[in-house]
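Counting convention: from 1, in listed order, for ligands and their atoms alike.
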Amino acid sequence: MNILLRIVADKRQEVDLRKSLIPVSQLERSVLFNRNTLSLALSLRSSAIGIIAEHKRRSPSKNIINQNFTVCEVAKGYENAGASGLSVLTDAKYFGGSLDDLIVARACCNLPILRKEFIIDTYQITEAKAHGADAILLIAAILTPKEIQHFSTFAKQLGLDVLLEIHNAQELDKSLLPSIDIIGVNNRDLNTFTVSLETSKTLSSLIPEEFVKISESGISSIDAVKTLQPFGYKGFLIGEHFMKTDNAGQSAKAFINQLKK
Ligand SMILES: O=C(O)c1ccccc1NCC(=O)[C@H](O)[C@H](O)COP(=O)(O)O
């Protein structure tokens with residue numbers, strides 16, 4: 001079974017267990033559920049260089065990246081660096097993340113926060129809202145058009161922004177909906193882990209102007225951002241390049257300052 005199918009199968013079991021333990025009504029009573037959300041899409045539209053910096057301890061492709069920082073240190077460091085948004089991986093098994101990471105990040109920064117998760121159930125969207133997220137990720141590769149429609153509409157009802165992630169034209173075709181705010185091109189093939197910025201170059205012209213367009217994964221240089229900006233990308237989601245250093249916030253600050261020159 002390929003890694004993506006394995007992740008989704010594990011996610012189904014994990015979500016069913018949590019649903020049996022914590023009813024949705026309990027999530028909706030969380031103190032953060034009714035807070036006003038920040039808009040990740042608006043933050044990207046109003047930023048000259050939209051860096052979405054990611055908290056990422058480990059991954060299927062690189063195993064351990066960095067487990068020395070606290071989420072709070074990273075969130076504060078990215079905010080101080082001038083990032084336009086914060087991405088928090090909440091999957092435990094493959095990324096070492098958690099919903100606790102989300103709530104700590106929320107307490108430690110005022111950036112729009114994306115819950116980076118393999119969403120397969122509206123319960124996870126309610127969780128995202130209850131733990132302080134401002135946006136959720138929908139991965140076209142693991143969802144049907146009907147699920148994308150249902151999940152994105154549900155997220156908008158909770159006041160969340162929706163980032164729809166694609167890797168090819170077929171996935172884009174099932175994702176062009178008014179309930180989508182941001183379209184992210186993932187340069188990483190989630191089945192093989194191969195990374196190519198050509199993916200962003202090839203798909204950019206297929207994405208309608210009304211969507212905020214971002215490029216994700218494998219971005220590790222100023223040159224990569226400068227190369228992709230002319231293709232209309234307003235945001236760049238970067239994790240490993242910052243997290244593999246001994247100070248993620250400082251690494252992001254140097255990167256963003258270099259881009260401003
Ligand atoms: O990062 C992985 O190895 C990975 C493998 C399988 C599914 C998803 C994966 N990553 C999640 C992400 O989307 C990235 O963390 C994010 O785009 C940042 O990528 P990078 O800057 O290359 O760390």
Side-chain angles (χ1 to χ4, degrees), residues 1-11 14 40 44 49-67 69 71 74 78 81 83-98 101-102 105 113-120 124 128 133 135-143 162-168 171 182-200 203 212-225 227-228 233 235-245 248-249 251-252 255-256 259:
M1 181 188 288
N2 79 17
I3 180 73
L4 208 48
L5 291 176
R6 204 156 69 232
I7 291 175
V8 170
D10 289 340
K11 200 55 64 179
E14 176 197 314
L40 179 60
L44 293 169
I49 310 157
I51 299 297
I52 303 172
E54 185 164 86
H55 177 264
K56 184 179 189 179
R57 292 189 182 87
R58 67 174 192 266
S59 72
S61 65
K62 290 289 171 46
N63 295 319
I64 303 288
I65 297 172
N66 201 319
Q67 301 188 117
F69 309 132
V71 181
V74 171
Y78 284 161
S84 299
L86 170 67
S87 171
V88 177
L89 285 155
T90 57
D91 173 81
K93 180 173 181 180
Y94 298 95
F95 293 88
S98 68
D101 288 341
L102 199 48
I113 297 177
L114 167 69
R115 181 186 186 183
K116 204 76 161 25
E117 181 57 273
F118 299 82
I119 289 181
I120 55 164
Q124 294 166 288
I136 54 117
L137 171 76
L138 296 179
I139 301 172
I142 64 172
L143 299 171
V162 179
L163 163 58
L164 193 285
E165 180 180 289
I166 62 164
H167 183 68
N168 57 50
E171 291 173 4
I182 306 163
I183 291 194
V185 177
N186 198 337
N187 300 307
R188 178 175 287 111
D189 182 318
L190 302 189
N191 290 298
T192 64
F193 302 160
T194 54
V195 174
S196 170
L197 298 187
E198 290 305 310
T199 311
S200 284
L203 293 175
V212 176
K213 194 159 50 177
I214 72 169
S215 181
E216 307 170 35
S217 303
I219 298 171
S220 57
S221 70
I222 300 298
D223 182 53
V225 173
T227 300
L228 292 174
Y233 289 98
F236 303 88
L237 199 154
I238 304 173
E240 186 185 340
H241 183 65
F242 299 147
M243 288 296 295
K244 70 182 182 184
T245 66
S251 173
F255 192 90
I256 292 169
L259 277 173

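Contact annotation for Phe95 and ligand 1: only side-chain heavy atoms (C-beta onward) come within less than 4.0 Å of the ligand. In Met243, neither the side chain nor the backbone holds a heavy atom less than 4.0 Å from any atom of ligand 1.
Taking distance alone, with nitrogen or oxygen atoms compared against 3.5 Å, Gly239 approaches ligand 1 more closely than that limit. Taking distance alone, with nitrogen or oxygen atoms compared against 3.5 Å, Ser59 approaches ligand 1 more closely than that limit. For ligand 1, the polar-atom distance check finds an N/O of Lys56 within less than 3.5 Å of one of the ligand's N/O atoms. At least one N/O-N/O distance between Gly218 and ligand 1 falls below 3.5 Å.
When each atom of ligand 1 is checked for a heavy atom of Leu237 under 4.0 Å away, the hits are 16 (C), 17 (O), 18 (C). Near Ile238, the atoms of ligand 1 lying under 4.0 angstrom from a non-hydrogen atom of the residue are 21 (O). With ligand atoms numbered from 1 in the order given, ligand 1 contributes 7 (C), 8 (C) to contacts under 4.0 Å with heavy atoms of Leu190. Taking a cut-off of under 4.0 Å to the non-hydrogen atoms of Asn186, the atoms of ligand 1 that pass are 13 (O).
Not a single heavy atom of His241 sits less than 4.0 Å from an atom of ligand 1.
When atom types are taken as modelled, the side chain of Arg115 and the backbone of Ala133 share no donor-acceptor pair closer than 3.5 angstrom. Judged by distance alone, the side chain of Asn187 and the main-chain N or O of Ser217 form a donor-acceptor pair under 3.5 Å. Proximity of a side-chain donor or acceptor of Asp101 to a complementary backbone N or O of Ser98 within less than 3.5 Å is detected. The backbone N or O of Leu237 sits nowhere less than 3.5 Å from a side-chain atom of Glu54 that would complete a donor-acceptor pair. In terms of modelled atom types and a separation under 3.5 Å, the side chain of His55 and the main chain of Val88 share no donor-acceptor contact. Using modelled atom types, one side-chain atom of Tyr233 and one backbone atom of Ser200 make a donor-acceptor pair closer than 3.5 Å. Checked by atom type and distance alone, the side chain of Asn66 pairs as donor or acceptor with a backbone atom of Met243 at under 3.5 Å.
The closest non-hydrogen atom to atom 14 (C) of ligand 1, taken over Glu216, Glu54, Glu240, comes from Glu54.
The nearest protein atom to atom 2 (C) of ligand 1, hydrogens excluded, is given as Ser61 OG, 3.5 Å; this is a heavy-atom distance. Looking only at protein heavy atoms, the nearest one to atom 12 (C) of ligand 1 is Lys116 NZ, 3.2 Å. Given atom 6 (C) of ligand 1, the protein heavy atom at minimum distance is Phe193 CE2, 3.7 Å. Nearest protein heavy-atom neighbour of atom 17 (O) of ligand 1: Ser217 OG, 2.6 Å.
Salt-bridge annotation for Glu165 and Lys116: present, with a side-chain N of the basic residue lying under 4.0 Å from a carboxylate O of the acidic one.
A side-chain contact (heavy atoms from CB on, under 4.5 Å) with Leu44 is found for one member of Val212, Leu163, Ile49 and no other, namely Val212.
Minimum interatomic distance between Ile219 and Ile238 (heavy atoms only, all atoms of both residues): O-CG2, 3.5 Å.
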